[in-house]
Amino acid sequence: MASESDEKQVQLIEFFRSRLCQYIDVEQVVDRIQFIDREQKEKIRQKAKNDGNLSAVTLLLTAVQKKPHSLGWFRDFVDALHHGGSGFAADYLEQKLPDPEEEAENDTCVKFIELLAPDLTDMKTEVVALECMSQKLLTQEEFDRAKTETEGQRYGASELLRRIVKRRPGWYSKFVEILQKTEHKFLHQLTGGLLQRTSAVYSRLTMTLTPPALTLNSIMCCCVLLWFGTYSIYFSKHLLSIADGSDPEAAARGSETADIVLRDYQMEVARPALEGKNIIVCLPTGSGKTRVAVYITKAHLDSRRAEKKPCKVVVLVNKVPLVEQHSKAEFKRYLEPNYKIEKVSGDSPLKISFSEIVKQNDVIICTAQILENSLAIPNNGDDEGINLSDITLMVIDECHHTQKGEVYNLIMMRYLKLKHKNHIRKKAEKKPLPLPQILGLTASPGVGKATKMKQAEEHIMRICANMDAFKIMTSDLESNKKEQRRQITLVENRKEDPFGNVIKNIMQAIHSHAKLSPTCELDSQMYEQWAVQIGRKAEKEGDQTVRVCADHLQQYYEGLNLCNTIRMCDAYNFLNKFYEDKLKEKKDEKHKIQITETERFLFNLFQENKKELETLSKIPKYENDSLSKLRKAVLYEFSTRDGARGIVFTKTRRSAIALNQWIQENSRFDDIGVKPAYVIGGGDQSVVKPMTSAEQKDVLKKFANGDVNLLIATAVAEEGLDIAACNFVIRYGHVTNEIAKIQAEGRGRAEDSSLILVEVKNSGVAGKEFVNEFRIKLMTKAIDKIRKMKQEDYESQITEFQYQSILEDKVRTKKKGKEEIRKCKPSDVKLLCQGCSIEVCSGDDIKIIDKMHRVNVTKEFEKLFIRRENTSLQERLLDYETNGYIACLNCGARWGSMMVFRSIEIPCLLVENFVVNVNGQNISKRKKWSEVPVEFSAFNYTEHASQVTQSDDDDDIDSD
């Protein structure tokens, strides 16, 4: 019988699901339900924070309905609704249903409040909230949430309205009386008077006309529109469709997606932009900068559409994952379906041209490089570009990157030149070209290399000048912010380090072999720089002994670094894999690969010490002290907090992966519920396989919903990525600059959060932390001083910096033009193998595909390399794919990849794997082809395809 009863109760919840979604307030209810476990409750709370109450209620009801059920579960759920301020929702489950007319009238009142919400948020929130509590429209807990001391009056009003509409019928008349009692004359007239007039209109119309679509809801919306007289025809239709239910999607979303309510501090910083001025919004991580941007964007689009002016918004980001994040989390949520939004990045190959995407959409969210590429295309060929004048608002995320050399600055330099051109046009009495409004977003502009106040001011003023900012807008949120617990954990040096000593002895043996004499400690950063420099010098001079030794010394340095940061076994595994890979390069079934005397010495040296390193790596007492301090910090946070959630920042991808593995393998972490995952960057600058955007997104989603509660992250998580609020942040031997410090600490924005810095040997993080704290204070004072400047003085300095930037750009352009002239001919360039110095090819043999890929398809080159499969290198792009690599037939050194371009296999060269010789002189190492002073001719696909086809035909004839 119990199971039948359970099934009926589950069906009852499902039958009234839409009403329950409307009237349940998750935050107050979820903690009162006894039969849902703590982990699931945390997921529901995070869902409410990230996606809103409606999504969280859906997840809650799914958890409540999940079988098997404990005894008394349904009564427990109903009681939780009663005690959690959701009594009207409980009435439905207890089948105390309102009359249909009463229910319809209540729905009308709810929609009416939603329509008037923008004006109602101007109420004296705390006064009204107190009266609402006395009338039992708010609970004590809800009253506390509606207070305005920390969140702002408008936000408190929004919370109040969101909660009272969930009360039992009759709440509306009480609310109107409260507005009158608290002397909100205009709002009382607006809510009470307009509703009376609406009802009168409804009565008169229904006496003569009764079309099915003529409902009180639709008539009310018409009256609201007539009352204000400011809504566009488009918006009027949209409101009517929401009110009468003809737009079910919008109706389902309700006020959570239709309205953007800013907190007082957000509205304050947004105000100049709402007047059409260029500004920089400088607010801490987690304080809603993107929400402010969406609000400004919507106001911009609404106003220009109402005035029948063209409107085009471009939102620029500096990282591919941010394109999807901003699109889904904010812009689409609040702007669709009224406006068309499209996202463009390297992860979303263009099916049509970027210029066509700009034409067809109202809001375009893209990486800055895509816009710069399109702006750089002259509008006189098949590839049509766009002009800055086509854009009416440009939002620049993380705008502190608008400095020399950054792509943001290239775009803004175009803007400044156009602005300067307009001054000239005005003097000539010509019509100026339209300029987009600029909105910059940042958590911290930083101070650059400043050590004095004047230098800090200049750094920030230059960013303001580059952004053409009327003002830098900020808010004193720190005064209302609860102080975070801060801790710097110092570590002791190992008393014994036999593992490290073996590595150092190997390094000394290599020094003797190559006749090298370093003057710094072998595990210091100076040593790494020294090893890189001698390696580059040897490569340029063709000294293969020193070059190969320098490469191996860098690997041993990394081994020492890993030994000081993570486990000895991780350092051993890293070195062992390096030598296994090197030996594989020297083995080929068909060809004999050369092994030099130096390479043989290095292979034997590792083999001689391999067993001892492996044995020592398994002895716990020799582990570094940093790991034990990290273990202690993580265990403390998880054992002293309910719902602990944190991030550990570390320096390298390799250490992030190793730390994650260490935590997974340690049962003590598992015992207290630690669920780790790592998130690393997506670039290919590191030898460690990067994370794709989809992989990053998946990890962050799990972190948001509670499936993961400890992130091990590199610097990729410091800036921009939308990461759920944490209650502790640990920086493990990783400190960079003041901007990164502010952003990393901004991740710990939950109540009573902890900020912990764990030292790692030779990292110097304690000293760097002190410097960063000084810089943050310097930056705060500099921003405050700039904001207090007289506007005319501020604008005068901004103009001076802008002219200086324009002149500097002209000098750079002239210099670049001269360098273009000095570019050598392809025949002057030769490529030498980095591994054995043999001549590989001439520049005449190299062709370029899509202005990007340098290839060599000559028969002579084909005889010099071997092909090898590489399972870790599998990349599919527009017209080509790579699934293997090519290596020197003589020494096995990698040269590049074998790619398939339009069904033809073509060897693609990577310049960093070669020594570049120009006019008989080896030049310094080049990492990009753009750094080589030569222009290669374009690859002729038709000609090469014809040769390949002819060769295949000849082979067929021979076989016959």
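For clarity, every value in this text was computed on a predicted model and none was experimentally measured.
No donor-acceptor distance shorter than 3.5 angstrom exists from the side chain of E773 to the backbone of F770, with no hydrogens or angles considered. In this structure, R653 contributes its side chain and I680 its backbone to no donor-acceptor pair below 3.5 Å.
Distance check: L435 CG to N278 CG gives 8.5 Å after rounding to the nearest 0.5 Å. Atom CD of Q325 is separated from atom OG1 of T290 by 7.0 Å, given to the nearest 0.5 angstrom. With values rounded to the nearest 0.5 angstrom, R425 atom CZ is found 4.5 Å from L433 atom CG. With rounding to the nearest 0.5 Å, the separation of CD in Q797 from CD in E792 is 12.0 Å. To the nearest 0.5 Å, the span separating NZ on K309 from NE2 on H300 amounts to 10.0 Å. Taken to the nearest 0.5 Å, the OG1 atom of T442 stands 8.5 Å off from the CG atom of D397.
No donor-acceptor contact under 3.5 angstrom links the side chains of Q437 and K277, judged on distance only. In this model, a donor atom of one side chain and an acceptor atom of the other lie less than 3.5 Å apart for D302 and Y339. Between the side chains of N466 and Q403, no donor-acceptor pair is found at a separation under 3.5 Å.
For the side-chain hydrogen bond (donor to acceptor under 3.5 Å, both in side chains) test, no residue two or more places apart in sequence or in another chain qualifies with T474.
Between H420 and Y803, the angle of the ring planes goes over 60°, which puts this pair in the perpendicular group of the 30/60° scheme.
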Is there a side chain to side chain donor-acceptor pair (under 3.5 Å) between Q804 and E800 once you walk through the steps? CA-CA 6 Å; Q804 184 181 339; E800 182 181 327; over 6 Å; no
